[in-house]
Amino acid sequence: MSTVLVTGAAGLVGTFLRRRLPDYGWQLRCIDVASANGVQVADIMSATALDDVVPGVDAIVHLAAQPVEAPWPVIRDVNLEGCYQLFEAARRHGVERVVYASSNHAVGFTPNEDELPAATPPRPDTMYGLSKVFGEALGRYYADRYGMRVACLRIGTCAERPPNVRALATWLSPDDCARLVDVCLRSDALRYAIVWGVSANSRRTWSLDEGHALGYFPVDDAERFATELADATPLPSDVLVGGEFTTARFGIDEVAARW
Ligand code: 15L
């Protein structure tokens, strides 16, 4: 059985995956800075800590990150330095495959359009989105220079259920999230890929072509939650991929003032 290291395993997406990936036959080694059942405490910013947990794993699912916008030092430390340390540890210990949790916010200022390709060029909407562009570029570098197989998942809204009207299009169900990570862990076709992390939503505008190429066929559709959100109105910012993150509230000064 192959062993997969999951970073950020105590977080929202990490918890979804911890509960599902073993059913696909993966043996998990889980780390996080926060403690949780079955999760070892380890900081991805520490090369020494990574040298303890990376040897012997066949692949890494890298989720650990500051997950929303924050002041630059926070983003820089966890999402840039941490991501670098993670890929470096993978290289040092001969790990051949990394599944990287990127985000739609890497391209947040892109207008939504039907069948928008996953590998649409970077247009980060926040420092957070910019850090995801960095992670995708790191992945490209390790794939090209060291032959690592790297999948970057531009995740939409991964949650038990869509929290707002935008998410009727951008939702990634926990089960589809596990399906997507599973195919990225086993696909022979994978060299380097950017894939949308999105379910089979009726209102989806993001293309599933890149996912299909790896064998990802989502089954959930956010539409079954639409009646619960019937009274909610779409926001003007929903015309852009990143939604609310593209608004003035997410400017550098505005975020610092709330921090
Ligand atoms: C993300 O990347 C965030 O981690 C999450 O909190 C949501 O904001 C999500 O994107 C989204 O766009 O809905």
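All ligand and atom numbering here is 1-based and tracks the order in the structure. Just so you know, these numbers come straight off a predicted model, no measurement behind them.
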(Q) Could you go through Asp114 and Thr205, starting from their C-alpha distance and side-chain angles, then the distance that decides it, and tell me whether this counts as side-chain hydrogen bond (donor to acceptor under 3.5 Å, both in side chains)? (A) CA-CA 5 Å; Asp114 264 354; Thr205 61; 5.7 Å; no

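- In summary, Asp51 and Arg92 engage in a salt bridge, as defined by a charged side-chain N under 4.0 Å from a carboxylate O.
- Taking a cutoff of 4.0 Å between a charged side-chain nitrogen and a carboxylate oxygen, Glu210 and Arg154 do not qualify as a salt bridge.
- Leu208 is not listed as a side-chain neighbour of Phe217, based on a closest heavy-atom distance of 4.5 Å or more.
- Under 3.5 Å, the side chains of Thr246 and Asp125 contain no donor-acceptor pair of N or O atoms.
- Listed as neighbours of ligand 1 are Pro67, Val68, Ser103, Asn104, His105, Tyr128, Gly156, Thr157, Arg166, Phe245, each bearing a heavy atom under 4.0 Å from the ligand.
- Judged purely by distance below 3.5 Å, without hydrogens or angles, the side chains of Trp171 and Asp221 never pair a donor atom with an acceptor atom.
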